[in-house]
Amino acid sequence: MTRRPFIAGNWKMNTRRQTAIELVRQLLNGLNQDVRTEVAVCPPNPYLTVVADLVAGSPIELGAQNLYPAGDGAYTGEVHAGMLTDVGCRFVILGHSERRQYFAETDAFVAEKLQSALAGNLVPIVCVGETLEQRQADQTDEVVRAQILGSLEGLDEVRAAGIVIAYEPVWAIGTGLTATPEQAEAVHQLIRKLLGELFTPEVAAQIRIQYGGSVKADNAAQLLSQPNIDGALVGGASLKAADFLAIIAAAEATLA
Ligand code: 13P
């Protein structure tokens with residue numbers, strides 16, 4: 001089973017209109033038109049349309065960082081799947097650890113969002129990952145297991161094959177600490193095994209699992225060479241065109 005590598009940039013609450021435009025222009029300049037790796041950027045909501053216009057017709061796809069699982073209605077401050085596809089999004093990040101931590105998002109809420117994303121024709125990138133305390137207490141496997149089971153609750157086999165999972169150990173996010181390729185691969189293997197039990201091994205073999213957590217130009221190649229690491233969800237390094245392009249190049253090299 002060959003899974004197409006997938007590199008996504010999570011810009012989080014960074015960039016302004018002008019820096020977003022410059023970043024995308026540099027990415028478009030540096031990116032080969034026939035890049036085989038799937039590439040997406042996930043800007044803050046106010047800049048989605050600006051970026052959508054710039055990337056139209058290019059290999060760069062658009063993702064959002066969150067959604068609210070409802071249709072049009074009285075939900076002040078929220079944005080739903082239909083609005084995101086309307087402005088050109090193909091992906092949506094769900095259950096990022098920053099949302100779990102600062103906005104008290106539970107697995108059950110992530111599962112609701114997942115249904116909403118799929119019903120709205122968005123490809124969800126479902127994030128899971130343990131904290132430093134949990135890793136030190138040897139709870140990584142059970143934490144990740146519970147997050148996968150809870151966040152994918154209600155997902156059927158047919159739709160499961162199209163989702164993306166991102167394993168992002170919380171202790172590696174924005175810290176400069178990266179899981180070693182072996183540490184990451186071990187959790188990716190566990191996730192794939194779990195997906196095989198939840199669905200079928202054939203479906204599990206199709207689901208792309210990204211690694212996230214201080215992925216940089218100089219560690220991407222090693223991480224991406226692991227058999228169960230199918231891409232990266234990149235924070236800080238996605239804000240610098242040269243770094244993000246180097247990470248994409250590392251993914252391309254796995255296809256050579
Ligand atoms: P950093 O790459 O900045 O560690 O962020 C990772 C992340 O949270 C991507 O979603």
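If you're wondering where the values come from, they're calculated on a predicted model, not measured in any experiment. Basis for what follows: all heavy atoms, side chains included, without hydrogens, waters or symmetry-related copies.
In this structure, the separation between CZ on Arg25 and CD on Glu22 is 8.0 Å, given to the nearest 0.5 Å. Note that CG of Leu23 and CG of Leu28 are 9.5 Å apart. Values are rounded to the nearest 0.5 Å. Distance CE/Met13 to OG1/Thr15: 10.5 Å, rounded to 0.5 Å. Rounded to the nearest 0.5 angstrom, Leu155 CG and Ile163 CD1 are separated by 5.5 Å. Of the inter-residue distances, the one linking Gln183 atom CD with Thr180 atom OG1 reads 3.5 Å to the nearest 0.5 angstrom. The CG atom of Leu190 sits 11.0 Å away from atom CD of Glu142, with the distance rounded to the nearest 0.5 Å.
Other residues, nucleotides and ligands contribute at most 12 non-hydrogen atoms within 6.0 Å of the CZ atom of Arg145. More than 12 heavy atoms of other shown residues, nucleotides or ligands fall within 6.0 angstrom of atom CD in Gln189. Other residues, nucleotides and ligands contribute over 12 non-hydrogen atoms within 6.0 Å of the CD atom of Gln139. Applying the 6.0 Å contact sphere to CZ of Arg4 captures more than 12 heavy atoms from other residues, nucleotides or ligands.
Residues Gly63 and Pro43 approach most closely at O-CD, 3.4 Å, considering heavy atoms. When all heavy atoms of Ala81 and Gly120 are compared, the closest pair comes out as CB-CA, 4.2 Å. Between Ala111 and Gly150, the closest heavy-atom pair is CB-O, 3.4 Å. The two residues Asn32 and Pro59 come nearest to each other via the heavy atoms O-CG, 3.9 Å. Of all the heavy atoms in Thr254 and Pro5, the pair that sits closest is OG1-CG, 4.1 Å. Ile93 and Cys127 get closest at one heavy-atom pair: CG2-SG, 3.7 Å.
The one candidate from Val215, Val41, Leu239 that meets the side-chain contact (heavy atoms from CB on, under 4.5 Å) condition with Phe244 is Val41. Partner Tyr68 forms a side-chain contact (heavy atoms from CB on, under 4.5 Å) with one of Met83, Glu78, Lys113 and no other, that one being Glu78.
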*What do the steps show when you test Arg3 against Asn228 for side chain to side chain contact (heavy atoms under 4.5 Å, CB included), and what is the final call?*
CA-CA 10 Å; Arg3 293 175 292 269; Asn228 285 288; 4.0 Å; yes
*Criterion side chain to side chain contact (heavy atoms under 4.5 Å, CB included) on Ser151 and Leu114, from CA distance to verdict*: CA-CA 8 Å; Ser151 304; Leu114 177 67; over 6 Å; no
*asked:* Test side chain to side chain contact (heavy atoms under 4.5 Å, CB included) on Phe91 and Glu38; report intermediate values, then the result.
replied: CA-CA 12 Å; Phe91 298 98; Glu38 187 154 31; 3.5 Å; yes
*Where do Trp11 and Gln65 land on the side chain to side chain donor-acceptor pair (under 3.5 Å) test, with the steps shown first?*
CA-CA 9 Å; Trp11 293 1; Gln65 299 174 17; over 6 Å; no
*Run the numbers on Leu149 and Leu198 for side chain to side chain contact (heavy atoms under 4.5 Å, CB included), then give the verdict.*
CA-CA 8 Å; Leu149 294 179; Leu198 272 176; 3.7 Å; yes
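Note on Glu168 versus Arg100: no salt bridge recorded, every NZ/NE/NH1/NH2 to OD/OE distance being 4.0 Å or above.
Relative orientation of the Tyr167 and His188 rings is perpendicular, given thresholds of 30° and 60° on the angle between their planes.
No side-chain heavy atom of Thr178 sits less than 4.5 Å from a side-chain heavy atom of Lys216. For the pair Leu194/Val144, no side-chain contact is recorded, criterion being any heavy-atom separation below 4.5 Å from C-beta on. With contacts defined as side-chain heavy-atom distances shorter than 4.5 Å, the pair Ser116/Leu67 qualifies. Counting heavy atoms from C-beta on, the side chains of Thr175 and Ser214 come closer than 4.5 Å. For the pair Arg192/Asp230, a side-chain contact is recorded, criterion being any heavy-atom separation below 4.5 Å from C-beta on. Considering only heavy atoms from C-beta on, Ile173 comes within 4.5 Å of His96 through its side chain. Val39 places none of its side-chain heavy atoms less than 4.5 Å from the side chain of Leu27. Counting heavy atoms from C-beta on, the side chains of Ile165 and Ile207 come closer than 4.5 Å.
Between the side chain of Glu252 and the backbone N or O of Arg36, at least one donor-acceptor pair lies under 3.5 Å. Distance alone, capped at 3.5 Å, is enough to place a donor-acceptor pair between the Ser238 side chain and the Gly235 backbone. Side-chain N or O atoms of Glu105 include none that pairs as donor or acceptor with a backbone N or O of Val110 at under 3.5 Å.
Taking hydrophobic clusters as Ile, Leu, Val, Met, Phe, Trp and Tyr residues chained together by side-chain heavy-atom distances below 4.5 Å, Val126 does not share a cluster with Leu233. Both Tyr211 and Val128 are members of a single hydrophobic cluster when ILVMFWY side chains are connected at heavy-atom separations under 4.5 Å. No continuous path of hydrophobic side-chain contacts links Tyr75 to Val79 [ILVMFWY only; heavy atoms under 4.5 Å]. Note: the hydrophobic cluster containing Ile148 also contains Leu94 (ILVMFWY, side chain heavy atoms under 4.5 Å, direct or indirect links). Residues Val164 and Ile209 do not share a hydrophobic cluster, defined by chaining ILVMFWY side chains whose heavy atoms lie under 4.5 Å apart.
At a cut-off of 3.5 Å, with distance as the only test, a side-chain donor of Glu130 or Trp171 sits close to an acceptor on the other residue. Side-chain atoms of Thr85 and Asn121 include no donor-acceptor pair closer than 3.5 Å.
The six-membered or imidazole ring of Phe103 lies away from that of Phe109, with a centre-to-centre distance of 6.0 Å or more.
Annotation: salt bridge (charged side-chain N to carboxylate O under 4.0 Å, His left out) contacts involving residues 172-190, sequence neighbours excluded, are absent.
For the side-chain hydrogen bond (donor to acceptor under 3.5 Å, both in side chains) test, residues two or more places apart in sequence or in another chain that qualify with Lys12 are Glu98.
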